[in-house]
Amino acid sequence: MDNRLDELFLQVQKPARYTGGELNSVYKERERVNVRFAFCFPDLYEVGMSHLGMKILYGLLNGVEDVWCERVFAPDEDMETLMRERGIPLFGLESRDPIGTFDFLGFTLQYELSYTGILNMLELAGVPLHAAERGDRCPLVVGGGPCACNPEPLCDFFDLFTLGEGEEVNIELIDLYRRHKAEGFSRRRFLREAAQIEGVYVPSLYEVAYREDGVVDAVRPRDGAPERVRKRIIADLNACYYPDRFVVPFIDIVHDRAMSEIFRGCIRGCRFCQAGFIYRPVREKSVDTIDRQSRALCENTGYEEFSLSSLSTSDYTGLGELLPRLLDWAEPEHTNISLPSLRVDGFSEELAARLNVLRRSGLTFAPEAGTQRLRDAINKNLSEEEILDTARKAFSGGWTAVKLYFMMGLPTETLEDVAGIAALGQKIVNCYYANPDKPKGKSVNVSVSVSCFVPKPFTPFQWEPQDTAEQLKEKQAHLRGAVTTRKISLSWHDADVSFLEGVLARGDRRLGAVIEGAFRRGCRLDSWSQYFSLDAWLQAFEEAGLDPAFYANRRRPFEEVLPWDHLDYGVTRDFLIQENRKAHDSVTTPHCRQSCSACGAARWKGGVCVENRSDPLQ
């Protein structure tokens with residue numbers, strides 16, 4: 001197929017998306033490989049190549065002698081059109097072989113708007129969309145990632161899902177598959193046995209019953225499948241696999257730098273944040289491990305910048321020791337260190353001084369809400385004075401640009417809270433001009449980015465109604481009117497896109513027909529504005545006889561059976577209900593290092609859950 005592909009590459013805008021051959025790509029001899037795994041990212045190359053999870057699993061799986069993992073990305077419109085015209089199936093970047101001949105097609109589920117893209121990639125690969133229609137010779141279609149915490153809308157299309165962190169469970173799956181393949185592969189028999197692996201969810205082994213009002217009545221396992229499927233975590237990150245090299249792209253990608261993971265999870269408990277709950281408990285790498293891994297990545301890729309990756313970098317307990325260690329070799333080699341995900345209350349004068357030796361760019365913080373009442377409701381545990389004090393430190397350190405992230409449509413939000421976003425931005429502008437040490441001749445820019453809140457599973461807000469698109473648009477107009485200075489630049493997310501995200505995030509299996517209907521109407525790459533069509537989605541809902549408002553805009557009672565209740569991510573339902581009630585009273589909960597709130601994550605007996613504890617864990 002190489003000659004046919006070479007002809008196509010000459011006719012598309014960015015052929016480097018499809019050619020392969022980048023530095024550190026892995027190539028193996030086909031005849032020495034027993035298991036072929038396609039890591040499929042259902043978005044464009046520039047997005048997928050920025051994804052840390054792909055880099056980890058690509059290196060991990062290719063480290064197994066008889067396994068070859070290849071990368072596969074969604075083609076852009078020009079490439080897809082040519083592939084369909086010429087009858088060229090979707091292929092792996094390394095071998096250029098059709099992925100329909102592989103053993104596994106592993107899709108990462110990073111965001112809900114990628115769902116139609118998954119169906120498009122399956123169709124391009126020549127693989128039946130519905131799992132029930134695949135025979136023993138078809139690849140196993142596997143899903144994992146954050147959206148796997150509610151995979152129900154995708155259950156028609158996947159053979160199995162892996163819940164939680166994938167390093168160990170994927171190796172166990174491949175070991176099981178290798179044995180079944182040697183004995184004569186039976187898809188049904190393999191899936192029944194795979195369901196016994198902790199962290200593996202086989203949706204075909206569960207029957208869902210609905211009540212007359214449309215809510216889930218019960219989810220019943222069969223054929224020996226477990227009643228609840230528990231997520232997997234890696235207990236010791238220092239002993240866990242981490243790549244010493246990344247594939248280096250030929251073209252610019254979204255995050256074109258090395259990434260050094262420093263810990264997993266988050267201590268904070270912000271009530272809107274799904275990642276902060278599903279990745280519990282917090283587990284840190286040692287300073288020695290991070291230093292060694294960071295240096296190896298830079299040496300093996302040639303990158304002149306690397307970021308310290310986590311949900312909240314300033315919460316890493318060894319940051320004061322780590323930064324000087326990294327700077328000892330990064331400064332002489334002119335390598336920049338990026339610190340994303342800084343909390344406002346973690347930005348000290350000492351940290352500002354250390355950042356001064358790095359390449360300076362704008363600082364980014366996330367107050368999330370404009371008023372103290374609402375910040376308390378979402379458990380941000382951040383005061384206005386801390387926010388303003390951080391701004392003063394940044395401006396005294398020479399920064400002239402600050403980016404602030406907020407959310408709109410949060411539970412209990414009022415128009416006063418919305419106007420508070422503009423008021424807080426103005427106070428930060430005033431901090432700059434009140435600073436006697438501000439740079440001469442330079443003005444300040446405060447960028448305010450406002451996303452639309454989407455309630456997500458396994459958070460205290462999983463029962464809350466989402467604002468309608470009309471409500472969100474009214475609030476956006478109110479905020480625009482509240483901004484009175486050109487020193488504040490304002491941007492926000494598309495309310496229609498957020499509405500669809502909210503529908504899919506808390507959907508059930510009946511949405512499979514809607515996803516397929518939208519795909520048949522041309523939907524794919526829905527996260528890109530030029531491809532998104534709400535009308536096509538609404539037509540698909542109408543054809544399926546489903547109301548999207550039922551999923552997005554309805555308050556759920558605490559006793560309702562939720563579509564994901566048979567999946568176990570560690571945090572208990574009682575804890576989430578308690579946190580929801582505290583939100584409505586604007587009462588905060590201390591973070592995990594201040595005190596244990598008995599969320600349920602202590603069952604893993606690791607990480608922050610056992611730090612400095614005198615009482616034994618049950």
Side-chain angles (χ1 to χ4, degrees), residues 267-268 270 307-308 310-317 319-320 322-324 327 336-376 378-407 416-450 479 482-491 588 591 593-594:
I267 61 172
R268 294 291 171 172
C270 298
S307 64
L308 300 182
S310 73
L311 291 175
S312 180
T313 301
S314 51
D315 282 332
Y316 177 64
T317 56
L319 191 61
L322 176 63
L323 283 178
L327 289 168
N336 185 54
I337 305 172
S338 171
L339 300 180
S341 304
L342 290 176
R343 273 186 60 93
V344 169
D345 55 350
F347 189 83
S348 63
E349 291 183 2
E350 180 183 12
L351 180 57
R354 285 177 174 153
L355 287 174
N356 266 330
V357 302
L358 309 177
R359 186 166 61 216
R360 182 178 298 146
S361 57
L363 286 171
T364 301
F365 298 107
E368 306 294 359
T371 63
Q372 193 60 49
R373 184 204 64 79
L374 190 53
R375 283 193 294 275
D376 290 345
I378 64 176
N379 204 46
K380 190 64 182 177
N381 277 314
L382 190 63
S383 70
E384 181 174 291
E385 185 51 40
E386 286 175 313
I387 297 169
L388 298 180
D389 186 53
T390 296
R392 294 184 193 103
K393 290 173 183 175
F395 295 146
S396 295
W399 275 268
T400 61
V402 175
K403 187 165 188 176
L404 304 174
Y405 284 108
F406 293 90
M407 302 187 83
E416 182 181 350
D417 297 312
V418 173
I421 295 173
L424 183 57
Q426 183 63 56
K427 290 175 182 178
I428 291 174
V429 170
N430 295 342
C431 282
Y432 178 81
Y433 287 105
N435 174 26
D437 300 320
K438 65 179 178 294
K440 293 182 179 180
K442 291 186 177 180
S443 62
V444 68
N445 179 258
V446 177
S447 299
V448 173
S449 177
V450 186
L479 175 59
V483 174
T484 58
T485 174
R486 293 184 180 180
K487 305 300 181 185
I488 297 176
S489 56
L490 185 63
S491 62
T588 61
H591 68 65
R593 288 202 174 100
Q594 289 177 326

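Numbers here are sequence positions counted from 1.
Contact check for Ile387 versus Arg375: side-chain heavy atoms found under the 4.5 Å cut-off. Side chains of Leu323 and Leu339 form a contact here, defined as non-hydrogen atoms less than 4.5 Å apart. At a threshold of 4.5 Å between non-hydrogen side-chain atoms, the residues Leu424 and Phe406 count as touching. In this structure, Phe395 and Val402 have side chains that are in contact, with non-hydrogen atoms separated by less than 4.5 Å. Residues Asn430 and Leu388 have side chains not in contact (no heavy-atom distance under 4.5 Å, counting atoms from C-beta outward). The closest side-chain heavy-atom distance from Leu322 to Tyr316 is below 4.5 Å.
Within the model, atoms CG of Asp389 and CD of Glu384 stand 12.0 Å from one another, a figure rounded to the nearest 0.5 Å. In this structure, the separation between CZ on Phe365 and CD on Glu386 is 12.0 Å, given to the nearest 0.5 Å. Summarising the geometry, atom NZ belonging to Lys403 is positioned 8.0 Å from atom OG belonging to Ser489; distances are rounded to the nearest 0.5 Å. Separation of atoms CD (Gln426) and OG1 (Thr484) is listed at 5.0 Å; rounding is to 0.5 Å.
The minimum heavy-atom distance between Ala422 and Leu479, with the atom names listed, is N-CD1, 3.8 Å. Among all heavy-atom pairs drawn from Pro324 and Leu319, the shortest one is CD-O, 4.4 Å.
The backbone N or O of Ile488 sits nowhere less than 3.5 Å from a side-chain atom of Thr485 that would complete a donor-acceptor pair. Side chain of Lys380 to main chain of Ala366: a donor-acceptor pair is present (N/O by atom type, distance under 3.5 Å, no hydrogens or angles). With hydrogens and angles disregarded, a donor-acceptor distance shorter than 3.5 Å links the side chain of Thr313 to the backbone of Leu308. Within the 3.5 Å criterion, the main-chain N or O of Ser312 finds a donor-acceptor partner in the side chain of Ser310. For the pair Gln372 (side chain) and Leu382 (backbone), a donor-acceptor distance under 3.5 Å is present. Judged by distance alone, the side chain of Arg593 and the main-chain N or O of Asp315 form a donor-acceptor pair under 3.5 Å.
For Glu385 and Arg392, the salt-bridge test passes: some basic side-chain N is under 4.0 Å from an acidic carboxylate O. Between Glu416 and Arg373 no salt bridge is recorded (no basic side-chain N to carboxylate O distance below 4.0 Å).
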- Message: Between Lys487 and Tyr433, does the side chain to side chain contact (heavy atoms under 4.5 Å, CB included) criterion hold? Intermediate values first, please.
- Response: CA-CA 11 Å; Lys487 305 300 181 185; Tyr433 287 105; 3.3 Å; yes
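Residues passing the side chain to side chain contact (heavy atoms under 4.5 Å, CB included) test with Ser396 are Asn435, sequence neighbours excluded.
Inspection of the Asp417 and Thr371 side chains reveals an N or O donor paired with an N or O acceptor under 3.5 Å.
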